[in-house]
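Throughout, protein chains are lettered first and strands after them, A, B, ... in sequence-line order, and every chain is numbered starting at 1.
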There are 2 protein chains.
Amino acid sequence: MSEIQSTEDAILTAARKVFSAHGLQGARMQDIADEAGINKALLHYYFRSKEKLFEIIFQEAFSKFAGSAAEMMTSEAPLFEKIDAFIDKYIDILLNNLFLPGFVIAEINNKPERMIDLISSKGLRFDVFERQVAEEVARGNIRAIEGKHLFVSIIALCVFPFAGRPILKSIIFGNESIAYDAFLQERKQEVKRFVIAALRPDNQINEI
Amino acid sequence: MSEIQSTEDAILTAARKVFSAHGLQGARMQDIADEAGINKALLHYYFRSKEKLFEIIFQEAFSKFAGSAAEMMTSEAPLFEKIDAFIDKYIDILLNNLFLPGFVIAEINNKPERMIDLISSKGLRFDVFERQVAEEVARGNIRAIEGKHLFVSIIALCVFPFAGRPILKSIIFGNESIAYDAFLQERKQEVKRFVIAALRPDNQINEI
DNA sequence: GTCTATATTGTGATAGAC
DNA sequence: GTCTATCACAATATAGAC
């Protein structure tokens with residue numbers, strides 16, 4: 001949190017802002033330079049090209065975006081603990097990085113192969129999560145559900161309100177309102193309740 | 001389904017493909033021309049500018065993307081019917097337009113004000129859906145939940161697997177696999193089960 | 001309507017002084 | 001390390017022949 005920022009940091013900060021707002025193609029080196037309070041030539045002095053600079057920003061953004069999901073996927077901690085911790089941590093991250101989901105989704109969709117190369121997701125195994133879910137189902141602790149679907153659904157419930165923020169804000173709250181921020185704040189509690197409710201065993205009623 | 005396509009239609013088809021794959025900024029008029037089997041000049045003859053052409057494609061895409069959600073929001077049909085019909089219809093649309101969610105989310109995030117202007121969402125009222133949910137809650141038919149959150153959650157569960165397809169495909173199934181398409185096919189059933197389960201009243205157990 | 005140039009502007013990137 | 005000036009090229013858009 002030092003007040004004085006090195007030129008390199010100033011560039012990275014500016015690049016984060018401009019790239020996440022306009023994407024790789026939409027971003028202009030001039031805008032990044034302006035935002036950083038320097039000129040274009042310096043950008044190329046510190047980072048060779050627009051591409052190189054972008055790669056750094058994207059990789060960093062993707063780790064933030066997917067890091068805790070990867071942890072929920074691979075950790076050996078008890079399932080319910082993992083899910084609860086994930087929702088807490090993840091929505092906090094998104095609240096502090098409102099543009100993250102839109103940025104990552106946009107870039108991944110525009111250049112899938114390229115962006116997936118930038119992600120070192122090698123070695124991530126999904127079987128831990130799947131096994132844990134299967135175990136809980138077998139024990140009757142949760143209703144029958146597949147691990148893959150549960151995993152995707154949990155992330156969906158967390159991410160989508162942020163990824164679709166501009167549209168949802170406008171459609172649900174009307175353009176004038178700022179109430180959407182409050183709505184996002186409530187999401188943490190809401191997603192937890194929703195997931196827990198969705199997982200309650202079917203036979204609760206019949207077990208009388 | 002006529003075999004012969006007018007030049008105008010050929011351009012629109014090509015534009016759909018190129019814009020949805022690369023976005024407004026990433027798309028090249030040359031690519032659209034090549035894809036349509038004509039030259040750049042003709043693009044400008046039929047549609048004045050890249051912007052104009054894009055607006056047509058985006059508006060069309062957005063209607064597809066949000067049309068049935070708007071219907072779920074405003075229709076006076078019974079809540080459960082609406083939700084069930086929405087999930088069916090919506091996931092069918094997405095299955096037939098895999099790039100739609102990524103495209104719309106990307107553009108909306110890159111130029112929010114501009115894209116929202118292109119959407120004539122004026123006059124769409126959210127109170128119908130909210131009222132219906134409140135009524136079902138009051139009757140004890142579903143557990144306590146806010147209409148806004150339920151609405152966003154349903155859409156999230158449907159859209160996110162498509163919007164995040166390239167990442168999810170790679171992370172959950174490993175890059176080699178084509179199993180993700182089967183996964184998407186299952187989503188319709190899965191989302192229905194998930195939402196219905198999540199809405200079961202809390203007091204089912206206590207009502208013994 | 002459709003084409004081949006061509007004009008024009010954007011913007012990423014480099015050269016070279018300080 | 002930082003700047004100004006400039007290059008080189010890519011991409012939208014138009015002119016004008018057929």
Residue pair B:Thr7/A:Arg28 against DNA chain C: nearer the 5' end by closest nucleotide is B:Thr7

If you assign each of B:Gly37 and B:Lys40 to its closest nucleotide in DNA chain C, which residue comes earlier from the 5' end? B:Gly37

Atom [atom1] of [X] to atom [atom2] of [N]: distance rounded to whole Å?
| X | N | atom1 | atom2 | answer |
| --- | --- | --- | --- | --- |
| B:Asp31 | D:dT12 | CG | C1' | 13 Å |
| A:Leu42 | D:dT4 | CG | P | 10 Å |
| B:Gln30 | D:dC9 | CD | P | 18 Å |

Test item: A:Arg125 and A:Met73 side chains (from C-beta on) under 4.5 Å apart, heavy atoms: no

Is there side-chain contact between B:Lys50 and B:Glu55, with heavy atoms separated by less than 4.5 Å? no

Salt bridge check: are B:Lys111 and B:Glu107 linked by an N-O gap of less than 4.0 Å? no

Quick one: classify the glycosidic conformation of C:dG10 as syn or anti, with syn meaning within 90° of 0. syn

Which nucleotide, if any, forms a Watson-Crick or G-U wobble pair with C:dT14, using both distances under 3.5 Å? D:dA5

Could you walk me through whether A:Asp34 and A:Gln30 pass the side-chain hydrogen bond (donor to acceptor under 3.5 Å, both in side chains) test, one step at a time? CA-CA 6 Å; A:Asp34 292 348; A:Gln30 184 64 60; 2.9 Å; yes

For B:Ala33, which contact category applies under a 4.0 Å heavy-atom criterion: base, sugar-phosphate, or nothing? nothing

Just checking B:Leu43: base, sugar-phosphate only, or nothing, at a heavy-atom cut-off of under 4.0 Å? nothing

Ring centres under 6.0 angstrom apart (A:Phe129, A:Phe151): yes

Lys/Arg cation over aromatic B:Phe58: B:Arg114, 6.0 Å, 45° cone: no

Would you tell me if any nitrogen or oxygen in the side chain of B:Arg48 comes within less than 4.0 Å of OP1 or OP2 on D:dT14? yes

Can you give me the first and the last nucleotide of DNA chain C (5' to 3') that has an atom within less than 4.0 angstrom of a non-hydrogen atom in chain B? C:dG1 to C:dT4

